[in-house]
**Q** 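The structure that follows is given in the form of structure tokens.
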Amino acid sequence: RGVLSMGLRGDWHQGFGSFFSPSVSGSFRLGPGLRIRAALGRTFRAPTWTERYYQDPVNVGSPDLDPERAWSGEVGFDYTRRGSLRFGLTAFSRRSEDLIDWARPQAETGGDGEPPPWETRNVEEATFRGLEADLSFLGPGAIRWTMGGMLLSVDSREAEGFRSKYALRPQDELVHVGAERALAGSLRVGAKFRRAKRKGEKAYHLFDMRAGIRLGSTLIYLDATNLFDAEYPDVTGAMAPGAALYLGLEIAPG
């Protein structure tokens, strides 16, 4: 009825010394189709070569970065009924010290009128807390529905007046609904709608569609993405592609 797993990892870095990362996770079956689960662990991440030494006209690494340390944990449950309905709910938290981030001053420009480059830094402390839910079920007309959402809050102790490139501007709101149905033979069609928002930015809406046919070990598919032609910055801060059409081929070996 229950599973418990414990671990301990040790790291040694020539520049940062030793670090130990304990972890524990487990799950317990409460009843038919219902299981509760939880996990807790500590992590360590040394800055990469890029974060310490890379330089170009818009990105400058810092050789004096400290390693990033964090505690993370989650608790949730999963419910399955007759294989056709699945529901999961998870609450999670992550507290980071010396979080490694790329940032630059807000509302500042250089002598040529261009914004200053992104520079790496350590954020003294950052805490992420969130709630995530997912639901899937087989509805009328043999349509498989998937839906879910996520809410995330970010609290950080950092110097004022900086804009984060990605570490402190995560996706803090997400709602998605999708539907998929098998048609004649091995042809499947599906559609997915998403409403998403990053911290401190406006929400955007995405609508994608896919049609695919499987021939033995080969899948041929046609994807239509961002059909609303939404304009929004991606995880790097650059503008994401607009409406697009993709034709793809996947071959499974063996």
**Q** Got F162 and P105 here, is their nearest side-chain heavy-atom distance under 4.5 Å?
**A**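 Sidechains of P105 and F162: in contact.
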
**Q** Please name the pair of heavy atoms, one in P233 and one in E201, separated by the smallest distance, quoted to 0.1 Å.
**A**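 Distance-wise, the nearest heavy atoms are CG-OE1, 3.3 Å.
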
**Q** Check M6 against V24 and note the closest heavy-atom contact, atom names and distance.
**A**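 Minimum heavy-atom contact is CG-CG2, 3.7 Å.
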
**Q** Charged N to carboxylate O below 4.0 Å: is that the case for R214 and E250?
**A**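 Salt bridge between R214 and E250, a charged N being under 4.0 Å from a carboxylate O: no.
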
**Q** Apply the hydrophobic cluster definition, ILVMFWY joined by side-chain contacts under 4.5 Å directly or through others, and give me every member besides F137.
**A**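 ILVMFWY cluster around F137 also holds F28, L30, L34, I36, F77, Y79, L85, F87, L89, L131, L135, I143, W145, M147, V177.
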
**Q** Determine whether the aromatic ring centres of residues F207 and F228 are separated by less than 6.0 angstrom.
**A**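 Centroid separation for F228 and F207: below 6.0 Å.
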
**Q** Under the side-chain hydrogen bond (donor to acceptor under 3.5 Å, both in side chains) rule, what do D155 and T127 come out as? Steps first, then yes or no, please.
**A** CA-CA 5 Å; D155 298 315; T127 301; over 6 Å; no

**Q** Could you tell me whether R35 and D78 make a salt bridge, using a distance below 4.0 angstrom between a side-chain N and a carboxylate O?
**A**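 Salt bridge flag = no for D78 with R35.
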
**Q** Is the closest basic N to carboxylate O distance between R86 and D134 below 4.0 Å?
**A**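 Answer for the salt bridge query: no.
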
**Q** Are R95 and W71 in a cation-pi setup, meaning NZ or CZ lies under 6.0 angstrom from the ring centre and within 45 degrees of the ring axis?
**A**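 Geometry flag: not set, cation outside 6.0 Å or 45°.
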
**Q** Is it true that R195 and E173 have a side-chain N and a carboxylate O under 4.0 angstrom from each other?
**A**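 Between E173 and R195 there is a salt bridge, with a charged N closer than 4.0 Å to a carboxylate O.
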
**Q** Can R210 be said to sit on top of Y221's aromatic six-ring, NZ or CZ under 6.0 Å from centre and within 45° of the ring axis?
**A**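 Ring-cation test returns yes.
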
**Q** Is it true that R188 and E180 make a salt bridge, defined as a side-chain N closer than 4.0 Å to a carboxylate O?
**A**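 So R188 pairs with E180 through a salt bridge.
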
**Q** For the salt bridge (charged side-chain N to carboxylate O under 4.0 Å, His left out) test, which of R198, K197, K199 pairs with D172?
**A**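 Considering R198, K197, K199, a salt bridge (charged side-chain N to carboxylate O under 4.0 Å, His left out) with D172 is found only for K197.
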
